[in-house]
Number of protein chains: 2
Amino acid sequence: MNSKELEIYQKIKQAILHRKLFPNMQLVEKEIADSFGVSRTPVRNVLRRLSYERLVKIIENKGAFVTCSSIEEAKEVFEMRRILEAEAVRKACRLYNQEHIQELENMVQEELREIEQGNYIEGLQMSGNFHLKIAEMAGNSYFYQYLEDLISLTYVIISIYGRGDERNGTCCHHLEIFHAINERNEDLAEKLTVDHLKEIESNLHFSENLQLSTSLIELLT
Amino acid sequence: MNSKELEIYQKIKQAILHRKLFPNMQLVEKEIADSFGVSRTPVRNVLRRLSYERLVKIIENKGAFVTCSSIEEAKEVFEMRRILEAEAVRKACRLYNQEHIQELENMVQEELREIEQGNYIEGLQMSGNFHLKIAEMAGNSYFYQYLEDLISLTYVIISIYGRGDERNGTCCHHLEIFHAINERNEDLAEKLTVDHLKEIESNLHFSENLQLSTSLIELLT
DNA sequence: GAATACTAGATTGTATACAATTTCTATAAA
DNA sequence: TTTATAGAAATTGTATACAATCTAGTATTC
């Protein structure tokens, strides 16, 4: 993917993660192409890549739509995150160097600042970056590749099923996880990570009949 | 991906897995397009998808090449397979139904027949299908998606670093794993699966200076 | 008035033309 | 002989034109 496509890719992805583009909203190729001053060709390439990452859903002859994960899909995302992040944080405990741990600490601090200032979306973004940093520290590129996609999808899932009060415990959890990693306490780091993810998931309201939101947003577009 | 692209995708993928196309070989868009009687457009789409799956490497302005995994990349693949398949086989033990277990048994039997008849490539293919079936039984679509790609890459890795004597123990292992699953013995099934993957990896010759094969094959194309 | 069929517009899918880049080769200079 | 260079060929990248499909609105029929 060249620099032009990369820019389009990042802009669209950020727009989805920052909730400028809502689940089920159609991404019309021509509109995007015009707004970037390019032809439909690179836009189509980007949309295909996003669909491979499950952030958009392409329906043949109909178009590309921002993903609106079902409850089952959301649960799959969290389950896979627990599996991958449990292993990743263990490996991070074993493999990290001074530079890594310094960066991780900075990220926790920055996240705390954002939350204190009431920047909800930015805090959520930093939260994801914290998890991704651990994936990077684990030293196997698949952790990063897979978790980048899963964490991106988590943003969308929270925007669908979240209550809007996600800022509560997460940054404290991150601080605890950071300390466990710093002490190279694998068992503790894994436990804290898995519990953390389970708590985030448990704060979503899957119980209510939210399948409606699918068609509802569809009507609004 | 529509039916036309799907066909091209499957043909190219099978050609790589069956070693008709060698690592580092260039996949020229026009040649493929002509051979399928289509334009370059759908071929380009397919090549991009294969590059997401890491089966093909696209270099800007140069083209698409069959992946030639480095030793480090190969080790990443096996590590990630152990992590995912360990969890998948545990979940399979808990979740399988009668239909699943029947299909799995059939696959082991078919693999045994292929090996007995000396069909090396077919046996290897069936071996991969056995692992994929377990991923399917685990009931989380990410197991299947991720392992489909990782197992495909494993074929290429074995073609690069294998000794050609991979047929030895694998099918016996599969039979043992099948029995463990059938008895819903999670711990045993996980242990057998991880050991099985470690043995396959240990039978590759990473030690020798095989980075040469990269440039060597490059010269031949 | 409700249901259906049809037309027009919008959108995606594919092929093709052209531009940009790389690769190869032949020629000339050291 | 080797190296450097120029130009031709091959290949990829992008834009555009056209085909196929879907969507929506309108007219028509019952």
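Naming: A, B, ... by sequence-line order, numbering from 1 per chain.
Checked against the 6.0 Å centroid criterion, the rings of Phe130(B) and His174(B) qualify as a close aromatic pair.
Pairs engaging residues 118-128 of chain B under the salt bridge (Lys or Arg N to Asp or Glu O under 4.0 Å) rule: none recorded [sequence neighbours left out]. Annotation: salt bridge (Lys or Arg N to Asp or Glu O under 4.0 Å) contacts involving residues 136-152 of chain B, sequence neighbours excluded, comprise Lys133(B)-Glu136(B).
Of the residues in residues 28-50 of chain B, Val28(B), Glu29(B), Arg40(B), Arg44(B) come within less than 4.0 Å of DNA chain D through at least one heavy atom, sorted by number.
Scanning for side-chain hydrogen bond (donor to acceptor under 3.5 Å, both in side chains) contacts around Asp34(A) gives Lys30(A), with sequence neighbours left out. The side-chain hydrogen bond (donor to acceptor under 3.5 Å, both in side chains) test applied to Arg113(A) returns no partner, not counting sequence neighbours. Under the side chain to side chain contact (heavy atoms under 4.5 Å, CB included) criterion, Arg54(A) pairs with Glu76(A), Leu153(A), Ser141(B), Tyr142(B), Gln145(B), sequence neighbours left out. With sequence neighbours excluded, no residue forms a salt bridge (charged side-chain N to carboxylate O under 4.0 Å, His left out) with Lys75(B). For Glu79(A), the side-chain hydrogen bond (donor to acceptor under 3.5 Å, both in side chains) test picks out Lys91(B), Asn140(B), with sequence neighbours left out. Every residue was checked against the salt bridge (charged side-chain N to carboxylate O under 4.0 Å, His left out) condition with Glu111(A), not counting sequence neighbours, and none meets it.
In the 5' to 3' direction, nucleotides of DNA chain D lying under 4.0 Å from heavy atoms of chain B begin and end at dT11(D) to dT14(D).
Taking 4.5 Å as the limit, some side-chain heavy atom of Leu150(A) sits within range of a side-chain heavy atom of Leu147(A).
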Review item, nucleotides 20-23 of chain C N/O atoms under 3.5 Å of protein N/O:
{"unit_1": "dT23(C)", "atom_1": "OP1", "unit_2": "Lys62(B)", "atom_2": "NZ", "d": "3.2"}

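Taking five base pairs at each end of the helix from dG1(C)-dC30(D) to dA30(C)-dT1(D) and finding the rotation axis that steps the C1' atoms of four pairs onto the next four gives two axes whose angle is 10°, to the nearest 10°.
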Worksheet item: How far apart are the C-alpha atoms of Arg81(A) and Glu201(A), what are their side-chain angles, what is the distance that settles it, and do they pass the salt bridge (Lys or Arg N to Asp or Glu O under 4.0 Å) test?
Response: CA-CA 11 Å; Arg81(A) 280 193 65 174; Glu201(A) 185 179 357; over 6 Å; no
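There is no side-chain donor-acceptor pair under 3.5 Å between Tyr96(A) and Glu103(A).
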